Structure formats: structure tokens, C-alpha cells
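Structure, as C-alpha cells:
These figures come from a predicted structure and were not determined experimentally.
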Amino acid sequence: MRHFYKNLSIWLVIALAALFLFNYFSKQPDIYHTVPYNVFLQKAEKGLLPEVTVTEDIITWETPDGNKFKSIAPPANDATSKLIAGKVTIHVKKEAKPHWFFQTFLNWVPFLLIILIWFFYMRKGGGQPGGKAMAFGKSRAKLVDPEHSKVTLDDVAGIEEAKEEVKEVVDFLKNPTIFTDAGAHIPTGVLLYGEPGTGKTLLAKAIAGEAGVPFFSISGSNFVEMYVGIGASRVRDLFTEGKKKAPCIIFIDEIDAVGRHRSASGGGGNDEREQTLNQLLVEMDGFEANDHVIVIAATNRQDILDPALLRPGRFDRQVMVPLPDVGGREKILKVHAQRTTVAEDVDWKVVAKATPGFSGAQLANMINEAALLMTRQQGHQITMDILESAKDKVLMGAERRSLIITDREKKITAHHEAGHALVAWMLPGTDPVHKVTIIPRGRALGVTMQLPDEERNSQDRTYLFNTLCILLGGRVAEEIVFDEITTGAGNDIERVSDIARKMVCDWGMSSAVGPLTFKPTDPLNGQPGQIMSEKTANLIDSEVNALVQNAYATSKKILLENRSLLEDITNALLERETISHQEIQTLVAQNSGNKDE
Ligand code: ADP
Ligand code: ZN
């Protein structure tokens, strides 16, 4: 459509220019010799003029030898009588005045031309700073053509699970029709979430590069301008462009800038952002299976996104891009080290171990700093010493976050997580431990992940009690090993209190209290709770307390009985940062073997 208008305007300019020129030249009169009026009168009386033409007050004639003459008559003249006397043939003409409309139009031609030329100039300069005026509603997305993108999945290291999850998208983009013909459900939106610098943008680029499709990228903050409606129009433009280049990838970085939870923005709301978000939802819902456009968005604040964005048909596929573990860091370092020359003494394993909590971007930055240092020292190879200085440089520039993890913190976290894992492992009937990690995730310094064997619809008392034991395992391990407790278990303790109280008050799981529910006054919405006697309140408190103490004791017993296994798991965590179910199994087997000897 835009093409059509552009052509139309070009033809308009040409037509106007032609008209203008034509008008200019056609106004040029023939050459007449002007003759005084009295001379004309004499000639007329003497019958020297065979024929004249009268147009208003201008009289013109032509002599037989082809010369043209004219004479201007004064108002109220007696030319006619003289002409009649001289027997002259008179042609009377009315001056051909152009229609007033046409006249005005002609007067405006130069202005119109200027305006049109300016208009074209602006359009062309749309992307440049000087030409932004006309580019308000354009998406301003950067486009990387497949020929120019050399990023592939091999450039993305250390986040194998995320890579695995997006491979399907690559396959689809490579060969969309096979999938759609088979009636397969194709994802329209993929949300990549994780800490800054973990390689989300890189991964999205790699998907495009691997599939050989164009890659549109734009940041969410680019949508939000001060003028209402601009963001929405940019979104529309972006998707129109995208559909033209399909199959392709549209990458929206910092989606939280537009996709923040609508109520989270505080009172009143932000009209512009909301309009933009709505437009985005409309566009995504409008996708047809054969549009072959996949939207990839990235954020590090997945928790504040509007739930509407995550509904089926929108960003229903969510891929976590975690900070790399020690093995991942080693791989990332190696990928980036390919760009420079590295000395023989460099052991990437050692470097990876010395950079806990580093993101991929920080590691890339570290290699870059090392290369700079090497050049400045006029060296030819990156050495361990250079890498050490480069690391300090990156750390100094790092934001003050939980990022810089001291050795002691790391040790405590490892024991804490090992405690959770070991208690979970030893108690019968709990969900199997899937993975344990001491890589920070959001506010948590480490995570012990359990995955149920099957879906659970209801939880029995034993299961809940075991959960209490597992949750307390972290704190107990800290206490056993360091004889000291930290704030790291704050979240665990909160959940323990919550579950224990519900067991007694909501689920009737305490025999002393009996199968009754007790709703205390809700401090949040102020709803008055059940009225209960002080005796009951005390009973509830002591029952909750007993439950927790019991769980604590169980947890402590397990950990004390398996002290050496606790150390083994801790050491494995310190060594590898993430350990799997399989690895714990091996450690348990080795340990029981050792005991027998
Ligand atoms: P994010 O989008 O998650 O903030 P980026 O993709 O912009 O992070 O990462 C910035 C740079 O850091 C990348 O261009 C790349 O050089 C490096 N990087 C980050 N993660 C990785 C990784 N997993 N593998 C290789 N390089 C990485
Ligand atoms: Zn914990």
C-alpha cells in the first residue's frame, strides 16, 4: 500500500511540473509591434487595414508581409466608426481568462512543489536524526538479513537446556510448511527470561542465523514515547514488516517496558503503555498458522509481566536462560577465546572456577579486557596473569548485586543446599531430587529442585511433614557445620511456618486439635476470623510448634547420621555448582560402599 502512495506522489509531482511549465510558456505572447492609437486610427480611416481583431481594448492586425501590430485603445473609443468608415473586417474576441479555480491552482503550484519535495526528503531521511519528524509511527526495528547474520547456535555456550528448547523453533522456521501441513501447533511467541547478560539476545539471533531467516530486533522501551498512540502504531508497523519478510523472527528485548502488569503501574495507569500492550496482543492473536512469524521476547523481570501476555497463543512458551554453571562458564570462555591467542598455561577450568556468578556477557567482557591488556603490554598471548587482571576489571565495573559471592558464602550455600537435598533423598515417599544448584537465581542463592514422579492432587500428612523436614534441612546443615545460622534460610522458614499452621488449622491434621478448621483474622484484608477461646489458640500454637520441632529433629538426625555424605554432596556442589539426580545417586552409592569397608 505504501508503495502505491509513493508512486502516486511521484506522478503527481511530474504532472504538476509539466502543467507549470506549459502554463509558463503558453503565456508568452507573439511579438507585436505596438503602434500609437492615433496612428492606428489614421490607417483605419485610410483603409490600409484589411482586417483587425479586437480583444477587449487591444486591437491587432497583420500586414500582408507577416508583420504583426497592435494598438491599445483608450476607454470609450471611436475605433469602430473609423473601422467601419475604412471598410475593415472586424473580428471581436473576448479575452480567454482562465477559470478562477485554475488560476488559483496555478498560483499555488510552486508551493505545492516545495512541499512535495520536502515530504520526499523527509521520508528518505526517516531513519536519520534529522528526519525523525516523519517517522513517528514507524517501528524503528533493526533488521538483520540472513546473509549478514553469522551467529549460530554454536556461538551460544553453556546454556544447553535453553538451546535444546529452542531447536524446535529453528526446525519450524527452516521448513514451516511441513509443520503446518501436518497440523502441528506452532508457537507464536517464545519468552526468554533470565538475568541480564545471560545470552538471551544472542540466543534469539542464533535461532534466526541457524534457520537462515531475517531477524527484526527492537527494544520494548522504543515503543514507549511521550505521544499517545505512537507505540501502538509502531507495533502495527513492526508486524506488517515482519509478515512481509516471513518466515522471520521478531525479537522484542526488554518486553517488560511495555508488558508490565497493568495494575502494577500504580494508580491511573499509563495510557500509552497500555495501548501499546493491547496492540501487541491484538497482533499476536491475529497471527495465522501460515504467517510463519515467530515473536521472541526477552526479559529479566518475568514476574512483573502482565498475565495476558503469557496466555496460550501468545508467549505461551517460556524458556529460562540461567546464569552458567562452572562447566558452562568454561565453554563460554572458550567460545570467546577463539578470537584471540591464548598462552599454553591458561587452564579454562581454573578460570571458570574463579568466576562464580559471572554472566556470559561478563565473561565475554573479561576476554575482551584481557585482549586489550595484552595489546597494551605489547604481548602476543593472553596469560593467566592477564586474565586475573581482566577479571578484576570486570568485577570493579559490575553492579553491586549479590553477584560477587565470597568463598565463605559459597561454602555456606553449598552446605545449605546439600542439607535440603540429603534430607529429601533419605526420607521415603518424597518427590525425587531432580537437580541441586548453588547458582543464584533471582533472590535465592541456590535451589534444590524436586520433581514429582506423578501428578499429585492431594497431599497426605506424611508428605507434608516430610516437606517440613526438607525445608528445614538447609538451616540444620548450616547449624551442624558452622555452628551458626544465616539469613539465607529466611524463605524456607516462612514456608515452614505457613505449611505447619495450615496443617493444624486448615487441614485438621493435629489429633490434639481435631478435625476442625480455624480461620484466624486475616491481617491483610482485615476480615474477622473465627472467634476462638484462648485455650484453643494456645493449643494451636503448641501443636504448630510441636510439628516444626519434630521436623527439625528428624532433619537433624538424618544429617548427623550421614555427615560424610553431606560433605560429599557439598564438595560436589562447590566443584560443579550444579549436580543432577544421577550424580547424587553415585555419591550415595560410593558413600555406602565406603561405610562397609
Ligand atoms: P541478554 O540479552 O541476556 O542480556 P546478550 O545476549 O545481550 O544478553 O549477551 C551479551 C553478550 O554476551 C553476547 O553478545 C555474547 O558475546 C556474550 N554472551 C552472553 N551469553 C553468552 C553465552 N551463553 N554464550 C556465549 N556468549 C555469551
Ligand atoms: Zn533453603
Side-chain angles (χ1 to χ4, degrees), residues 144 146-167 169-170 190 192-213 215 217 249 251 253 296 298 300 319-375 379-395 397-398 403 437 439-440 575-578:
V144 182
E147 303 92 73
H148 300 126
S149 167
K150 283 171 222 86
V151 182
T152 66
L153 283 177
D154 288 337
D155 297 308
V156 189
I159 43 174
E160 302 309 325
E161 279 172 45
K163 266 164 78 170
E164 209 49 55
E165 284 195 61
V166 301
K167 281 222 172 93
V169 178
V170 175
V190 180
L192 305 176
Y193 67 96
E195 308 272 319
T198 45
K200 299 180 290 294
T201 312
L202 187 71
L203 187 59
K205 264 188 203 155
I207 295 172
E210 197 78 24
V213 300
F215 178 79
S217 97
I249 283 182
F251 177 66
D253 204 0
I296 301 181
N300 50 0
V319 178
M320 156 137 191
V321 185
L323 283 172
D325 62 11
V326 68
R329 291 201 298 272
E330 189 185 333
K331 285 185 199 143
I332 297 175
L333 284 166
K334 281 180 176 161
V335 163
H336 287 279
Q338 285 166 4
R339 285 181 284 131
T340 59
T341 331
V342 181
E344 295 235 325
D345 76 318
V346 170
D347 183 348
W348 292 116
K349 263 203 177 58
V350 175
V351 182
K353 254 188 205 154
T355 47
F358 270 49
S359 68
Q362 281 173 315
L363 294 171
N365 193 6
M366 185 173 142
I367 299 285
N368 196 42
E369 287 293 344
L372 286 176
L373 273 173
M374 170 188 81
T375 317
H380 303 287
Q381 288 180 323
I382 290 180
T383 61
M384 271 315 232
D385 283 347
I386 291 182
L387 280 170
E388 188 62 32
S389 320
K391 182 181 110 188
D392 291 344
K393 195 111 192 265
V394 173
L395 274 182
L403 178 83
T437 172
I439 297 168
E575 174 92 5
R576 298 194 284 273
E577 295 180 9
T578 303

Might you point out which heavy atoms bring [X] and [Y] nearest each other, and give the distance in Å?
| X | Y | answer |
| --- | --- | --- |
| Ile296 | Ala204 | CG2-CB, 4.1 Å |
| Ile159 | Pro322 | CG2-O, 3.7 Å |
| Val335 | Ala157 | CG2-CB, 3.8 Å |
| Leu373 | Ser389 | CD1-CB, 3.7 Å |
| Ala370 | Leu387 | CB-CD2, 4.0 Å |
| Ala298 | Asp253 | CB-OD1, 3.6 Å |

Check: [X] side chain, [Y] main-chain N or O, donor-acceptor pair, under 3.5 Å:
| X | Y | answer |
| --- | --- | --- |
| Lys349 | Val326 | no |
| Lys200 | Val321 | no |
| Arg329 | Thr355 | yes |

Those residues at least two apart in sequence (or on a different chain) that pass salt bridge (charged side-chain N to carboxylate O under 4.0 Å, His left out) with Glu210 are none
ask   = Do Met384 and Val351 have side-chain heavy atoms sitting under 4.5 Å apart?
value = yes
Original post:
Any side-chain heavy atom of Val342 within less than 4.5 Å of one from Trp348?
Top reply: yes
Return the [atom1] to [atom2] distance between [X] and [Y], rounded to the nearest 0.5 Å.
| X | Y | atom1 | atom2 | answer |
| --- | --- | --- | --- | --- |
| Gln338 | Asp155 | CD | CG | 8.0 Å |
| Lys391 | Ile367 | NZ | CD1 | 13.0 Å |
| Phe251 | Ile207 | CZ | CD1 | 9.5 Å |
| Gln381 | Thr340 | CD | OG1 | 10.0 Å |
| Leu323 | Glu195 | CG | CD | 5.0 Å |
| Leu202 | Thr152 | CG | OG1 | 9.0 Å |

### Query
Do the charged groups of Glu330 and Lys353 touch, with an N to O distance under 4.0 Å?
no
(request) Quick one: do Ile332 and Phe358 satisfy side-chain contact (heavy atoms from CB on, under 4.5 Å)? Show the steps, please. (result) CA-CA 11 Å; Ile332 297 175; Phe358 270 49; over 6 Å; no
Residue set satisfying side-chain hydrogen bond (donor to acceptor under 3.5 Å, both in side chains) with Lys163, at least two apart, ordered chain then number -> none
Determine, step by step, whether Val319 and Val190 satisfy the side-chain contact (heavy atoms from CB on, under 4.5 Å) criterion, reporting the C-alpha distance in whole Å, the side-chain angles of both residues, the deciding distance to 0.1 Å, and the verdict.
CA-CA 7 Å; Val319 178; Val190 180; 4.1 Å; yes
